[in-house]
> 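Please see the structure below; I have some questions.
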There are 2 protein chains.
Amino acid sequence: MTYSIGELSRLTGVKPTTIRWYESEGWLHAAERSEGGHRLYSDAHLGRLTFIRHARELGFESEAIRALLRLAGRPDADCGEAHALASAQVREIDARIERLASLRAELARIAGHCLGGTVGECRIIEALAEPAARLTPMPRGA
Amino acid sequence: MTYSIGELSRLTGVKPTTIRWYESEGWLHAAERSEGGHRLYSDAHLGRLTFIRHARELGFESEAIRALLRLAGRPDADCGEAHALASAQVREIDARIERLASLRAELARIAGHCLGGTVGECRIIEALAEPAARLTPMPRGA
DNA sequence: CCTTGAACCTCCAGTCGCTAGAGGGCCCAT
DNA sequence: ATGGGCCCTCTAGCGACTGGAGGTTCAAGG
């Protein structure tokens with residue numbers, strides 16, 4: 001079974017331009033070509049692209065995805081590393097949730113002080129301009 | 001009271017390069033200059049930069065921050081808009097938390113299936129390659 | 001077989017929110 | 001006056017794509 005780039009796109013939800021970009025960056029092996037130069041994808045491509053997309057959606061970092069792809073290529077390797085990567089990812093998500101929760105509390109606190117007067121008395125604006133309560137920045141990437 | 005860019009940086013936790021970048025992008029008004037061309041910041045700059053930084057840390061989008069800055073410049077305006085922006089931000093954070101929670105559940109489920117065998121039998125790798133359970137992508141920007 | 005128009009091709013530029021480096025100039029304490 | 005730490009501008013780069021221009025190929029209908 002072979003697929004055009006558009007079919008692959010429909011099957012995976014990844015846009016054609018992005019698929020081409022994945023190829024150019026080495027995430028996806030270069031596809032066969034038709035006589036006229038159109039890309040022809042196999043089921044192997046479909047699986048790999050689905051894998052990449054799914055891992056991205058789950059928030060894995062690119063290095064982790066590369067590691068998982070390497071693992072997937074060695075079916076007799078130990079599963080432990082995959083498990084470790086997944087667990088690390090769960091911990092990462094936990095940390096992110098925690099941080100968002102504290103942001104939410106801070107914001108709700110600020111917004112709760114609003115008494116509906118003019119901006120001059122607005123606690124929201126004031127609170128944002130106050131140097132206090134410095135927060136550490138969110139880690140890059142979602 | 002005036003500050004050098006380095007002092008402003010120390011006071012706000014924003015790097016000098018980033019401060020210059022904020023100026024070039026119009027987030028911050030251009031600073032006065034010393035005879036030799038060094039930037040000299042006022043307390044007004046300090047307040048505005050703190051505001052921007054704080055709002056960014058709370059995850060406001062750039063358009064929302066611009067709107068808040070516009071509001072801050074009109075002290076007699078109605079506070080309602082600021083309140084609306086803050087509330088929208090709280091809802092946004094809630095949605096993000098919810099999404100992360102479902103990602104976490106999915107991942108934990110996948111990782112929980114790992115029985116420690118070889119990669120060939122690994123549910124983590126398998127699950128990622130499966131087209132099922134498509135998730136919508138995270139909104140851009142943390 | 002021919003036409004048509006959707007899908008495909010390559011290449012290049014832009015996005016966002018910064019960050020880093022090169023190559024120099026300024027400021028001030030000793 | 002000198003040292004070295006701070007500051008200046010300009011340019012390029014990051015990640016992870018996205019969009020457009022300008023041209024070619026494919027497949028279905030007539």
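Convention: sequence-line order gives letters A, B, ...; per-chain numbering from 1. All values derive from a computational prediction rather than experimental measurement.
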> Pick the nucleotide of DNA chain C nearest each of B/Arg56 and A/Leu40; which residue has the one closer to the 5' end?
A/Leu40
> Side chain of B/Arg20 only, please: which of D/dC7, C/dC18, C/dT10 is the nearest?
D/dC7
> Under 4.0 Å between a side-chain N or O of B/Thr18 and OP1 or OP2 of C/dT19?
yes
> Give the rounded distance in Å between these two atoms: CG of A/Leu8 and C1' of C/dC9.
16 Å
> Tell me if a side-chain donor or acceptor on B/Ser9 pairs with a main-chain N or O of B/Val14 at a distance below 3.5 Å.
yes
> Check the surroundings of atom CD in A/Glu32: do more than 12 heavy atoms from other residues, nucleotides or ligands lie under 6.0 Å from it?
no
> Measure from CZ on A/Arg33 to C1' on C/dC8 and round the result to the nearest Å.
10 Å
> Remember a base hit wins even if backbone is also touched, and classify A/Arg39 as base, sugar-phosphate or nothing at under 4.0 Å, heavy atoms.
sugar-phosphate
> Salt bridge check: are B/Glu106 and B/Arg109 linked by an N-O gap of less than 4.0 Å?
yes
> Heavy atoms from C-beta onward define the side chain here; which of C/dG17, D/dC17, D/dT18 lies closest to that of A/Lys15?
D/dT18
> Between B/Arg53 and C/dG17, does any side-chain N or O lie under 4.0 Å from OP1 or OP2?
no
> I'd like to know if A/Glu126 and A/Arg123 make a salt bridge, using a cut-off of under 4.0 Å between side-chain N and carboxylate O.
yes
> Strictly below 4.0 Å: does A/Ser34 bring a side-chain N or O up to OP1 or OP2 of D/dC26?
yes
> Find the distance A/Trp21:CH2 to C/dC11:P and express it as a whole number of Å.
18 Å
> Please state how far atom CD in B/Glu57 lies from atom P in C/dC18, giving the value in whole angstrom units.
10 Å
> Give the rounded distance in Å between these two atoms: CZ of A/Arg66 and C1' of D/dA16.
12 Å
> Check the surroundings of atom CD in A/Glu98: do more than 12 heavy atoms from other residues, nucleotides or ligands lie under 6.0 Å from it?
no
> Could you check how far CD1 of A/Ile5 sits from P of C/dA6, rounded to whole Å?
19 Å
> Given atom CD1 of B/Ile19 and atom C1' of C/dT19, what is their separation to the nearest angstrom?
14 Å
> Round to the nearest Å and state the distance from A/Glu25 atom CD to D/dC17 atom P.
10 Å
> The side chain of B/His38 lies closest to which of these nucleotides: C/dT19, D/dC26, D/dC6?
D/dC6
> Is the distance from OP1 or OP2 of C/dC16 to the nearest side-chain N or O of B/Ser62 less than 4.0 Å?
no
> Does D/dC6 have OP1 or OP2 under 4.0 Å away from a side-chain N or O of B/Ser4?
no
